[in-house]
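To keep things clear, I will list the structure first and then write my remarks on it.
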Amino acid sequence: MHQPNHLTNHLTMNPSLELIDIGVNLMHRRFHADREAVILRAQAAGVKTQIITGTSLESSIAAAAYAAERPELYATAGVHPHGAQEVSDLAQLRLRLRELVTQPKVVAIGETGLDFNRDFSPREIQEDVFNAQLELACELHLPLFLHERDAHQRLLEILDRFGKQLPPAVVHCFTGTRAELEAYLERDYYIGITGWICDERHGSHLAELVQFIPADRLMIETDAPFLTPRDLRPKPRGGRNEPAFLPHVLKKVAASLNQSVEQVAAASITTTKRFFRL
Ligand SMILES: [Zn+2]
């Protein structure tokens, strides 16, 4: 497998900086054949810990079971807006998620939110499934792992209804505007930055915007196997993203902030541990 050696070297110089990828879709079928090798490559690149994103009830159950066996892995439990219409019974969903989050390695509710870009599920159904997960997160006071695409205004309207009840929330894979960023930060939400920041066509504004994210609100993630950084060389086989490429995202964030990689790594690790209570 292609490893970006030129980017991992600086981390091997700092073995104490053990990065945490807050968003890895490790139960995705594209990792079925070599999941263990993917974890080992990530660790060799300095990415010691991964939080596996649960995107459906099925993948959340699989993620929880997989994380339970491995000290360096954690999981979220939730239903992505794309799959909202597959939820046939909201009461049943609450019940199953409630069971899942009793497991010690399940550290957040999500991925949940709204996606009005693809509209894979009807919007009213996305909102119902989102609301059910928000109610549960509020009741159990569990961190929220949020997904939002082209639905900023509506997402805020729904979140604002919960007011001070709302637990800490991270807007994962933030790709929005400065005004959107400020609206999230005003509400004290955390921000997840992916390899989108490396995309010179659509993500260059993020290189400007990261300076407005306080260090104690900034986390980094790959969203693997998706969002392979466009400037990664050599390009990975099959174009698949991996948690081993998190140092590449870190390096871009650090350069954008005009700070050292070590400084940004240390701050994001502290922020991540506090947010997810690792
Ligand atoms: Zn997402």
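Remember, it's 1-based here, ligands and their atoms both numbered in the order they're listed.
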Is His172 close enough to the Zn ion (ligand 1) that one of its N, O or S atoms comes in under 2.8 Å? yes
In this structure, CZ of Phe31 is separated from OH of Tyr66 (nearest 0.5 Å) by 10.5 Å
For the Zn ion (ligand 1), give me the closest N/O/S atom belonging to His147, just the atom name. ND1
Do Tyr74 and Arg277 pass the side-chain hydrogen bond (donor to acceptor under 3.5 Å, both in side chains) test, and can you show the C-alpha distance, the side-chain angles, and the key distance before you say yes or no? CA-CA 11 Å; Tyr74 296 88; Arg277 304 175 209 157; over 6 Å; no
Can you give me the closest heavy-atom contact between Leu246 and Ile20, atom names plus distance? CD2-O, 3.6 Å
Any N/O/S atom of Asp115 sitting less than 2.8 Å from the Zn ion (ligand 1), backbone or side chain? no
Of all N, O or S atoms in Glu111, the one closest to the Zn ion (ligand 1) is OE2
Are Tyr184 and His152 close enough that a side-chain donor and a side-chain acceptor fall under 3.5 Å? yes
